Q: 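One structure, as structure tokens, below. Some questions next.
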Amino acid sequence: MTPMEPLTEAAYDRRRLRQWLAGEARADGVARRDVLRLAAAAGLAAAVPTALAAPRASAATAPGIVKPLPDELFTVRGTNAETKFESLAGTGQLTPASHFFVRNHTTTPRLDAAAWKLTVWGDGLTGGAREFTLADLKRLPSTTRTAFVECAGNGRTLFATQQGQAVSGTPWTFGAIGTARWRGVRLADVLRRAGLSHRAVDVMPRGLDDDYVTADGTNLGRVRRPLPLAKALDDVLLAYEMNGEPLPPDHGHPVRVVVPSWVGIASVKWVGDIEVSTKPLYSPWNTDFYRLFGPGHPPEGSTPLTRQTLKSVYELPWNATLRAGERHRLTGRSWSGGGAVTRVDISTDHGTTWHRARLHDVPRHGSWVRWSTDWRPRTPGPATLLARATDTTGRVQPGTTAHNTQGYLFDAVVRHPVTVE
């Protein structure tokens, strides 16, 4: 990606929004009045279905999730399972499937890989619809890419606990992320094989999970979210392997979309069809959801969220107890949607002084780096640990994150509490 790409993406989305408001775009499952309603709303937290605000639970199972969810690895949040970040210590750069978080809108479907087909269709093709089996995809040149997938709401609870601001949505801490080595085919190759037209502007993958019905009974259909063609032709994968194995059911078996560095909703699981359009496309997942609303944002909301942001997290339980006078090796991970993380600074005195952490991975765009530092606390009592990342774009984690009502893209330096005794 070139340094100018974020500006290009922003300009593209501004144009798409103008076309949408002018009635020149095509929306699947969302009425134009909904955007106008959102534009007129003052406190948009109520626009989020209450089903998204799943209560915290501690069970080892969750409705519709196939894999085991042991308490030492996961916190169950409704239909989702959040990885306990401290459980990643010692797992290596890649997140094992056993530890990888699960974000489900409904339930994990059990699909037969031999019977699965992908349909590529729409007026952005030069001919009719084209079907691909898994065997067809595997005959195309394969590509392997290490990339994180992260929910846009990862870190949402910190808006309330650290910044004192109310937000809505699933109360993730920082475990709604995982990094894997994905293998599959480039979406660009499949689109070109299907007969991509020079007039195409958007593509919209759709999952094969059940329709998503909100708490008020509104059926939004299957999860789907459009991508601008420029991104679709860049680094997007149709992945059929995760860390050298076929995709597990909860992570998209048999084929999923992987959109490196973008918010996780773009990486549609269990993909079943892809619409290719000559007009901008919209769905509930980039109108009602996955925009920034609230004070400081446009009345109609921001442009649809694309890139993830910059974060650092300790692999340490919240409110952990550490012994005074002993040497402790503190570890953590930092990542960015804008560039590779090249530096992580640590403070153990509330930000008065900082020193560099040791990086244990080669910085790469779209992946995280592991880091460590040594600390020998001397004085018993409460303490706060800080970690602040810098990426190749020059961006540094801020002290606070601008508020938005749905709690997306928290990127402030986390104040991690510990007790020294």
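This chain uses plain numbering: 1 for the first residue, then up along the sequence. These numbers were taken from a predicted model, which means no experiment stands behind them.
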Q: For the residue pair H99 / T91, report whether a side-chain donor-acceptor contact shorter than 3.5 Å exists.
A: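 Looking only at side-chain atoms, H99 and T91 do not form any donor-acceptor pair under 3.5 Å.
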
Q: With a 4.5 Å cut-off on side-chain heavy atoms, are T348 and L385 touching?
A: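 Yes; the side chains approach each other to less than 4.5 Å.
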
Q: Is there a donor-acceptor pair under 3.5 Å between the side chain of R156 and the backbone N or O of P171?
A: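 Here the side-chain-to-backbone pair does not exist.
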
Q: As a quick check of understanding, evaluate side chain to side chain donor-acceptor pair (under 3.5 Å) for D411 and T401, giving each step before the final call.
A: CA-CA 6 Å; D411 62 354; T401 299; 2.7 Å; yes

Q: Do H253 side-chain atoms and L247 backbone N/O form a donor-acceptor pair below 3.5 Å?
A: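 Yes, H253 side chain to L247 backbone: donor-acceptor pair under 3.5 Å.
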
Q: Judged by modelled atom types alone, do R395 and T309 share a side-chain donor-acceptor pair under 3.5 Å?
A: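 The answer is yes; a qualifying pair exists.
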
Q: W368 vs T95, test: side-chain contact (heavy atoms from CB on, under 4.5 Å). Steps then yes/no.
A: CA-CA 11 Å; W368 56 21; T95 308; 3.5 Å; yes

Q: Could you check if a side-chain atom of F74 sits within less than 4.5 angstrom of a side-chain atom of K67, using non-hydrogen atoms only?
A: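 Heavy-atom side-chain distance check passes, below 4.5 Å.
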
Q: Would T106 and D211 count as a side-chain contact (heavy atoms from CB on, under 4.5 Å) here? Give the steps.
A: CA-CA 7 Å; T106 56; D211 288 2; over 6 Å; no

Q: Backbone N or O of P304 within a donor-acceptor pair of the N286 side chain at under 3.5 Å?
A: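 Judged by distance alone, no pair lies under 3.5 Å.
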
Q: What class does the angle between the rings of F159 and H403 fall in, given that below 30° is parallel, 30 to 60° is tilted and above 60° is perpendicular?
A: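 Taking H403 first and then F159, their aromatic rings stand perpendicular (interplane angle over 60°).
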
Q: With sequence neighbours excluded, tell me which residues meet ring-ring contact (aromatic ring centres under 6.0 Å, His included) with H416.
A: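 H416 satisfies ring-ring contact (aromatic ring centres under 6.0 Å, His included) with Y314, W318 only.
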
Q: Where is the tightest heavy-atom contact between F410 and K311, given as atom of each residue plus distance?
A: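 Residues F410 and K311, closest heavy atoms: O-CE, 2.8 Å.
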
Q: If you measure from CD on Q165 to OG1 on T405, what distance do you get to the nearest 0.5 Å?
A: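 Between Q165 CD and T405 OG1, I get 11.0 Å after rounding to 0.5 Å.
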
Q: Can you measure from CZ (R181) to OG1 (T146) and round to the nearest 0.5 angstrom?
A: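 Answer for the CZ-OG1 pair, R181 versus T146, is 4.5 Å.
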
Q: Between E82 and T173, does any side-chain donor sit less than 3.5 Å from a side-chain acceptor?
A: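 Result is yes, a qualifying pair exists.
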
Q: So, does N319 use its side chain to make a donor-acceptor pair with the main chain of V418 at under 3.5 Å?
A: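 Answer holds: no.
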
Q: Search all heavy atoms of D202 against all heavy atoms of P280 and return the closest pair with its distance.
A: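 Distance-wise, the nearest heavy atoms are OD2-CA, 3.3 Å.
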
Q: Are side-chain heavy atoms of L330 and I346 found at a separation under 4.5 Å?
A: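 No; the side chains remain at least 4.5 Å from each other.
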
Q: Quick one: does W121's side chain have a donor or acceptor within less than 3.5 Å of a partner on D273's backbone?
A: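 Absent.
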
Q: Name the residue from V167, L292, L305 that meets the side chain to side chain contact (heavy atoms under 4.5 Å, CB included) definition with N404.
A: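 It is L292, the one option of V167, L292, L305 that forms the side chain to side chain contact (heavy atoms under 4.5 Å, CB included) with N404.
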
Q: Looking only at atom types and distance, does a side-chain atom of W270 sit under 3.5 Å from a main-chain N or O of P249, one as donor and one as acceptor?
A: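 Such a contact is found between W270 side chain and P249 backbone.
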
Q: Is a side-chain N or O of R206 found less than 3.5 angstrom from the main chain of G272, in a donor-acceptor match?
A: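 Not a single qualifying donor-acceptor pair exists.
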
Q: Between R333 and E315, does a salt bridge (Lys or Arg N to Asp or Glu O under 4.0 Å) hold up when you go through it step by step?
A: CA-CA 7 Å; R333 300 175 189 237; E315 297 171 333; 2.5 Å; yes

Q: Under 3.5 Å, side chain of Q162 to main-chain N/O of V413, donor-acceptor pair present?
A: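 Yes, because the side chain of Q162 sits within donor-acceptor range (under 3.5 Å) of the backbone of V413.
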
Q: If you compare all heavy atoms of A239 against all heavy atoms of W182, which two are closest, and at what distance to 0.1 Å?
A: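 Nearest pair, atom of A239 first, then W182: CB-CB, 4.1 Å.
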
Q: Set out, in order, the CA-CA distance, both residues' side-chain angles and the distance that settles side-chain contact (heavy atoms from CB on, under 4.5 Å) for W285 and V268, then state yes or no.
A: CA-CA 11 Å; W285 285 271; V268 172; over 6 Å; no

Q: Are more than 12 heavy atoms from other residues, nucleotides or ligands located less than 6.0 Å from atom NE2 of H198?
A: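 No - once you tally the heavy atoms of other residues, nucleotides and ligands closer than 6.0 Å, there are 12 at most.
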
Q: Please name all residues satisfying side chain to side chain donor-acceptor pair (under 3.5 Å) with R343, sequence neighbours left out, ordered by chain then number.
A: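 For R343, the residues satisfying side chain to side chain donor-acceptor pair (under 3.5 Å) (neighbours in sequence not counted) are D345.
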
Q: Please list all pairs meeting salt bridge (Lys or Arg N to Asp or Glu O under 4.0 Å) that have one or both residues in residues 106-130, counting only residues at least two apart or in different chains.
A: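 Salt bridge (Lys or Arg N to Asp or Glu O under 4.0 Å) check on residues 106-130 returns K117-E131.
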
Q: I'd like to know if the side chain of S347 reaches the main chain of L386, judged simply by a donor and an acceptor atom lying under 3.5 Å from each other, with no hydrogens or angles considered.
A: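 Pair absent, no side-chain N/O of S347 close to backbone of L386.
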
Q: Check whether D234 reaches the backbone of K231 with its side chain - one donor and one acceptor, N or O, closer than 3.5 Å.
A: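 No, because the side chain of D234 does not come within donor-acceptor range (under 3.5 Å) of the backbone of K231.
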
Q: Do the side chains of Y408 and V263 get nearer than 4.5 Å, heavy atoms only?
A: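 No - every pair of side-chain heavy atoms lies 4.5 Å or more apart.
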
Q: If I compare all heavy atoms of P205 with all of I274, which pair ends up nearest, and what's the gap?
A: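 Result for this residue pair: CA-CG1, 4.0 Å.
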
Q: OG of S283 to CE of M204: how many Å apart, nearest 0.5 Å?
A: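 Going from the OG atom of S283 to the CE atom of M204 covers 6.0 Å.
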
Q: Run the numbers on E275 and R224 for salt bridge (Lys or Arg N to Asp or Glu O under 4.0 Å), then give the verdict.
A: CA-CA 10 Å; E275 180 181 0; R224 60 208 180 279; over 6 Å; no

Q: Compare every heavy atom of G337 with every heavy atom of S261, then report the nearest pair and how far apart it is.
A: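 Scanning both residues, the minimum pair turns out to be CB-O, 3.5 Å.
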
Q: side-chain contact (heavy atoms from CB on, under 4.5 Å) for R145 and V258? Distances and angles first, verdict last.
A: CA-CA 9 Å; R145 180 169 288 116; V258 175; over 6 Å; no

Q: How many angstroms lie between OG in S312 and CH2 in W335, if you round to the nearest 0.5 Å?
A: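 Result: 7.5 Å between the selected atoms.
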
Q: Would you say the side chain of V185 lies within less than 4.5 Å of the side chain of Y240, judging by non-hydrogen atoms?
A: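 Yes, their side chains come closer than 4.5 Å.
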
Q: Should the heavy atoms of other residues, nucleotides or ligands under 6.0 Å from CZ of R358 be counted, would the total exceed 12?
A: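 Check passes, neighbour count above 12.
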
Q: Report the distance from atom OG of S372 to atom CZ of R329, rounding to the nearest 0.5 Å.
A: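 Going from the OG atom of S372 to the CZ atom of R329 covers 4.0 Å.
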
Q: Are side-chain heavy atoms of L310 and V341 found at a separation under 4.5 Å?
A: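 Contact flag for L310/V341 side chains = yes.
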
Q: With salt bridge (Lys or Arg N to Asp or Glu O under 4.0 Å) as the rule and sequence neighbours excluded, what pairs involving residues 243-269 come up?
A: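 Applying salt bridge (Lys or Arg N to Asp or Glu O under 4.0 Å) to every pair that reaches into residues 243-269, excluding sequence neighbours, yields nothing.
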
Q: Between V76 and I65, is any pair of side-chain heavy atoms under 4.5 Å apart?
A: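 Not touching, per the 4.5 Å side-chain cut-off.
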
Q: For F174, what residues pass the ring-ring contact (aromatic ring centres under 6.0 Å, His included) criterion, not counting sequence neighbours?
A: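 Counting only residues at least two positions away or on another chain, F174 forms no ring-ring contact (aromatic ring centres under 6.0 Å, His included).
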
Q: Just wondering, do Q308 and L409 contact through their side chains at under 4.5 Å, heavy atoms?
A: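 Side chain of L409 against side chain of Q308, heavy atoms only: contact under 4.5 Å found.
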
Q: Identify, with sequence neighbours excluded, every residue that meets ring-ring contact (aromatic ring centres under 6.0 Å, His included) alongside F101.
A: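 Per chain and number, F101 pairs via ring-ring contact (aromatic ring centres under 6.0 Å, His included) with no residue.
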
Q: Quick one: OG on S336 to NE2 on H365, what's the gap to the nearest 0.5 Å?
A: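 One gets 7.5 Å once the value is rounded to the nearest 0.5 Å.
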
Q: If I compare all heavy atoms of N243 with all of A97, which pair ends up nearest, and what's the gap?
A: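 Scanning both residues completely, I find the closest heavy atoms to be ND2-N, 4.3 Å.
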
